[in-house]
Amino acid sequence: MPFLLATCVAVLSLSTLLAVLPGLLSSPRLDTFAEGQRTPVTRQWLVVRSATGSWYLNGDAVSAAVLSRSLRQSSPKPSVVVLMPSSTRTAADVAGDLRWLRAQSNRPVRIDRPEGAWQP
């Protein structure tokens with residue numbers, strides 16, 4: 001009986017391997033894509049406005065003047081600027097921050113909802 005069980009397991013394993021093998025061999029390899037087919041990495045800047053009104057650019061505290069200069073004169077330029085306001089700021093404050101950022105930047109500025117904020 002143990003010999004019969006071992007033979008059945010071996011036959012089933014070999015059958016499964018032979019059934020899956022053509023699919024594995026015909027699938028394209030992920031590392032063989034041509035250089036031109038790769039998607040460019042999106043460079044985005046994260047701008048945080050704290051509850052106290054402080055600005056942070058990619059994790060570094062900056063003044064409004066430095067942030068404005070960075071948005072206008074940066075090289076390389078970001079593809080998008082993402083505003084991440086504090087969840088304690090009012091909607092009017094966030095709208096004002098977004099309006100100010102859009103006036104300072106010649107790149108698209110979008111807003112990202114803070115953690116824990118209500119979503120429709």
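No hydrogens, no waters, no symmetry mates; every other heavy atom, side chains included, goes into these values.
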Report summary line: Distance col, row Ser105:OG vs Leu67:CG, nearest 0.5 angstrom, shows 9.0 Å
Report summary line: The reported gap from CH2 in Trp45 to OG in Ser70 (rounded to nearest 0.5 angstrom) is 5.5 Å
Requested in this report: Scan for salt bridge (Lys or Arg N to Asp or Glu O under 4.0 Å) pairs involving residues 46-61, sequence neighbours excluded, and state none if there are none.
Outcome: Arg49-Asp97
Query raised in the report: Quick one: CG on Leu57 to CG on Leu71, what's the gap to the nearest 0.5 Å?
Result: 7.0 Å
Query raised in the report: Quick one: does Ile111's side chain get under 4.5 Å of Val94's, heavy atoms only?
Result: yes
**Report entry** Results of side chain to side chain donor-acceptor pair (under 3.5 Å) for Ser68 - residues two or more places apart only
**Finding:** Gln104
Report summary line: In terms of heavy-atom contacts, Gln44 and Val82 come closest through OE1-CG2, 3.5 Å
Requested in this report: Decide yes or no on side-chain contact (heavy atoms from CB on, under 4.5 Å) for Trp55 and Val48, but give the supporting numbers first.
Outcome: CA-CA 6 Å; Trp55 290 102; Val48 176; over 6 Å; no
Report task. Under the side chain to side chain donor-acceptor pair (under 3.5 Å) rule, collect the residues that match up with Asp93, sequence neighbours excluded. Result -> Thr90
Query - Heavy-atom pair with the smallest gap, counting every atom of Trp100 and Ala64 - result: CH2-O, 3.5 Å
Requested in this report: Taking side chain to side chain contact (heavy atoms under 4.5 Å, CB included) as the test, write out the residues that go with Ala61, two or more places apart.
Outcome: Tyr56
Report summary line: Residue set satisfying salt bridge (Lys or Arg N to Asp or Glu O under 4.0 Å) with Arg107, at least two apart, ordered chain then number -> none
Report task. Applying side chain to side chain donor-acceptor pair (under 3.5 Å), name anything that partners Ser63, two or more places apart in sequence or on another chain. Result -> none
Requested in this report: Determine whether Val80 and Arg110 make a side-chain contact, defined as any pair of heavy atoms from C-beta on separated by less than 4.5 Å.
Outcome: yes
Report summary line: Here the pair of heavy atoms bringing Ser86 nearest to Ser50 is CB-C, 3.7 Å
Report task. For residues Leu46 and Met84, report the shortest heavy-atom separation together with the two atoms involved. Result -> CD2-SD, 4.0 Å
